[in-house]
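Every number for a ligand or one of its atoms is a count from 1 in the order of the listing. When a residue number appears, it is its place in the shown sequence, counting from 1.
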Amino acid sequence: MSRIPSRRTVLRGLAVSGAAVIGFDPATRSWAATTSESGTTLAGIPQLDGTLVTDASSLAAAADDYGHIVHHRPLAVLRPGSVRDVVAMVRFCNEHCLPVAPRGQGHSPFGQAQVQGGLVIETATLAEIGPLGPDSTTVTVGAGAKWSDVAKATTAHGLTPPVFTDYLELSVGGTLSVGGLGGQAHRHGAQVDNVTELRVVTGAGQLVRCSPSRRPDLFHAVLAGLGQCGIIVEATLRLVRAPATVRHYHLTYDDLATFLDDQRILAQEGRFDCVEGQVHADADGAFRVYALDAVAYGPPVGPAPDDTALLSGLRHDPATVQYEDRPYYDFLNRLAPWVAAAKETGVWTYAHPWLNLMLPGTSAATVSARVLNALTPADLGPMGVILFYPLRRDRLTTPLLRTSDEAVSYLFDVLSAAPPDDTAAVDRLLASNRAAYEATAEAGGTHYPVGSIPFTPADWRTHFGPAWPALESAKRTYDPQGILVPGQGVF
Ligand SMILES: Cc1cc2nc3c(=O)[nH]c(=O)nc-3n(C[C@H](O)[C@H](O)[C@H](O)COP(=O)(O)OP(=O)(O)OC[C@H]3O[C@@H](n4cnc5c(N)ncnc54)[C@H](O)[C@@H]3O)c2cc1C
């Protein structure tokens, strides 16, 4: 159905590039200026509370992401002024068979939030935080809210979501569509395991409230669902009490298997509130320095940390133990200095062909050793990082967040950076990511889908395994025209 654009829409809408764009020309599949360039009737854009833009710089920004490897240019970018705008534009895109991708902070590294010839919906304007739920056990937030803002707002009440990604400037919708893993996940599961309700705009343009008991098929298809069935516009998040301060221990190991085994023990015992680890190169450039980060929350969440009890039985090099006490928010925001340095040195704009694997506990040491032995500091690039997080199967309850079937798995990340114009290096790293994924899959693991691994629809079917039929069925029900998030390459 064609709608007549209102004067308000024209003024608030597509006028950024100079020409007042008033509609979509189905014949040329382009947004059109004051008259139809092809002589056909224009489809007027819906009345919007926000803005729809087509200027070159907005389109170029939407055709880029943290990876700087893939560039798919959309036709337009929506900055919604309301959830109603998202509904209206998804319906419009259905009518005209235009693909759509929501974009949170665009920190995907491989085009996941991009869409060639379609519409990008920037969710940053849907960032309201509050209200707190009954008994202050939940908070409802807009999908475009950043975790840093959620943390600041909730800690002001002495409360906090239980799990955070290491980097806080990611959107709630962006991490809930992939999983959201951090060092607290061994105790509380992923961020997706701590959501009680969602409001979602389906691919068919319906605004639906869903939870584990209300439209559970949609709820479970959206959490860690890579945006395939619906756009999250609002999420209700579980809250727990926040500590005032934390004690952050840094322990060093010289043996990979021992380091991983101590991470496993800590994950199974739950002795610490947060457990992570990194691998560094030694003086010879070999990746064999293993750093375990373990964090104990202080009052009012836990007792004052007892160093002897907390470190007892661990097999780190005792001469290297360091710790610091820090305010809780500073601990959550611990990546900020690294990000500031990456921006200052220009590394932020490097290509990021990231590898993110879910390794089964029993083969984690052998599979990761193969990757680490083949890696050089030059491959990792400036400010590259290698991470290990231990994860417990019984804490990960979201069907679409895939890991191994073993009781303990490890998230193993090789976060490389290469100069943006060094396409040979990027291609080489992408090929080695693919080889590492294949070795992992053979060992019973999979990947965590926030990286840059060339993947086919058949790979996705293998990746989702027993969860695939429910996802496929939800896709048919909720996105029948298949317009949502082609950048993930799932369907
Ligand atoms: C520096 C850095 C540190 C990181 N640290 C961690 C970490 O510690 N733990 C971790 O788990 N991950 C981490 N990540 C990965 C990150 O969680 C994912 O890439 C996440 O998807 C990025 O969020 P975003 O808001 O930028 O999403 P985008 O990149 O904008 O989108 C990601 C995907 O989700 C879809 N999407 C976005 N919003 C919505 C929505 N509202 N509804 C439905 N689908 C949507 C997009 O279409 C796209 O397919 C890190 C990434 C970076 C760059």
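In this structure, Tyr389 has a heavy atom closer than 4.0 Å to ligand 1. Ligand 1 is approached by Gly106 to a heavy-atom distance shorter than 4.0 Å. Residue-ligand proximity: Trp354 is placed with a non-hydrogen atom under 4.0 Å from ligand 1. Within the 4.0 Å heavy-atom cutoff, Gly182 does not count among the residues contacting ligand 1.
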message: Applying side-chain contact (heavy atoms from CB on, under 4.5 Å) to Gln112 and Leu226, what does each step give before you reach the verdict?
response: CA-CA 8 Å; Gln112 289 93 332; Leu226 309 176; over 6 Å; no
query: Between Leu380 and Val414, is a side-chain contact (heavy atoms from CB on, under 4.5 Å) present by the stated rule, with each step listed?
result: CA-CA 8 Å; Leu380 192 59; Val414 180; 3.8 Å; yes
message: With side-chain contact (heavy atoms from CB on, under 4.5 Å) as the criterion, how do Val246 and Tyr328 come out once you've worked through the C-alpha distance, each side chain's angles and the decisive distance to 0.1 Å?
response: CA-CA 6 Å; Val246 308; Tyr328 178 58; 3.9 Å; yes
- request: I would like to know whether Leu375 and Ile386 meet side-chain contact (heavy atoms from CB on, under 4.5 Å); could you show each step before the answer?
  value: CA-CA 11 Å; Leu375 191 74; Ile386 301 169; 3.7 Å; yes
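With a 4.0 Å heavy-atom cut-off, ligand 1 is reached by the side chain of Gln488 but not by its N, CA, C or O. Contact annotation: for Val450 versus ligand 1, heavy atoms closer than 4.0 Å belong to the side chain alone. Of the heavy atoms in Thr165, both backbone and side-chain atoms come closer than 4.0 Å to ligand 1. Under 4.0 angstrom from ligand 1, the non-hydrogen atoms of Ala113 come from both its backbone and its side chain.
Taking the six-membered ring for Trp and the full ring otherwise, Phe455 and Phe110 have centroids separated by 6.0 Å or more. In this structure, the ring of Phe491 has its center less than 6.0 angstrom from the ring center of Trp468. Between Phe388 and Tyr290, the gap from one ring centroid to the other reaches at least 6.0 Å.
Considering both main-chain and side-chain atoms, Trp338 never comes within under 3.5 Å of ligand 1 through any nitrogen or oxygen pair. An N or O contact shorter than 3.5 Å links His107 to ligand 1 by distance. Backbone and side-chain nitrogen or oxygen atoms of Trp348 are examined, and none is located within less than 3.5 angstrom of a nitrogen or oxygen of ligand 1.
Shown in contact with Thr175 at under 4.0 Å from a heavy atom are these atoms of ligand 1, numbered in order with element: 17 (O). Shown in contact with Asp166 at under 4.0 Å from a heavy atom are these atoms of ligand 1, numbered in order with element: 7 (C), 8 (O). Interface atoms of ligand 1 facing Gly230, defined by a heavy-atom separation under 4.0 Å, are 43 (C). Numbered from 1 in the order shown, with element, the atoms of ligand 1 that lie under 4.0 Å from a heavy atom of Gln112 read 47 (O), 48 (C), 49 (O). Atoms of ligand 1 found under 4.0 Å from any heavy atom of Ala143 (numbered from 1 in listed order, with element): 41 (N). Counting atoms of ligand 1 from 1 in the listed order, those under 4.0 Å from a heavy atom of Ile232 are 40 (C), 41 (N), 42 (N), 43 (C). Residue-ligand proximity, Arg103 to ligand 1, at heavy-atom distances under 4.0 Å covers atoms 30 (O). Every atom of ligand 1 is numbered from 1 in the order shown, and the set under 4.0 Å from a heavy atom of Ile231 is 42 (N), 43 (C).
One finds a salt bridge joining Asp379 and Arg428 here, because a Lys/Arg side-chain nitrogen approaches an Asp/Glu carboxylate oxygen to under 4.0 Å.
Compare Gly451, Ser177, Gly180 by their heavy atoms: the one nearest to atom 34 (O) of ligand 1 is in Ser177. Of the listed options Pro102, Ala101, Gly174, Pro102 places a heavy atom closest to atom 47 (O) of ligand 1. Nearest residue to atom 50 (C) of ligand 1 from Leu176, Val201, Val490, Leu170 is Leu170 (criterion: closest heavy atom).
For Gln481, the CD atom sits in a packed shell: over 12 heavy atoms of surrounding residues, nucleotides or ligands are nearer than 6.0 Å.
In this structure, the protein non-hydrogen atom closest to atom 30 (O) of ligand 1 is Gly104 N, 2.7 Å. The protein heavy-atom contact nearest to atom 11 (O) of ligand 1 is Tyr448 OH, 2.6 Å. Closest protein heavy atom to atom 31 (O) of ligand 1: Ser108 OG, 3.7 Å. The single protein non-hydrogen atom nearest to atom 25 (O) of ligand 1 is Ser171 OG, 2.7 Å, given as residue, atom name and distance. In terms of protein heavy-atom proximity, atom 24 (P) of ligand 1 is nearest to Gln105 N, 3.4 Å. Nearest to atom 3 (C) of ligand 1 among the protein's heavy atoms is Tyr167 CB, 3.4 Å. If you check which protein heavy atom lies closest to atom 9 (N) of ligand 1, you get Leu181 O, 2.7 Å.
Expressed to the nearest 0.5 Å, how far OG of Ser409 lies from CZ of Arg402 amounts to 10.5 Å. With values rounded to the nearest 0.5 angstrom, Leu292 atom CG is found 10.5 Å from Gln278 atom CD. Note that the CG atom of Leu260 and the CD1 atom of Ile265 stand 11.0 Å from one another [nearest 0.5 Å]. How far CH2 of Trp147 is from CG of Asp166: 13.5 Å, rounded to the nearest 0.5 Å.
Aromatic ring orientation, Trp354 versus His352: perpendicular (interplanar angle above 60°, classes split at 30° and 60°).
Only one option out of His186, Arg187, Gln184 pairs with Asp273 in a side chain to side chain donor-acceptor pair (under 3.5 Å); it is Arg187.
Thr462 places a side-chain N or O within donor-acceptor distance of the main-chain N or O of Ala458, the cut-off being under 3.5 Å.
Both tests hold for Arg334 against Phe331: distance to the six-membered ring centre under 6.0 Å, angle to the ring axis within 45°.
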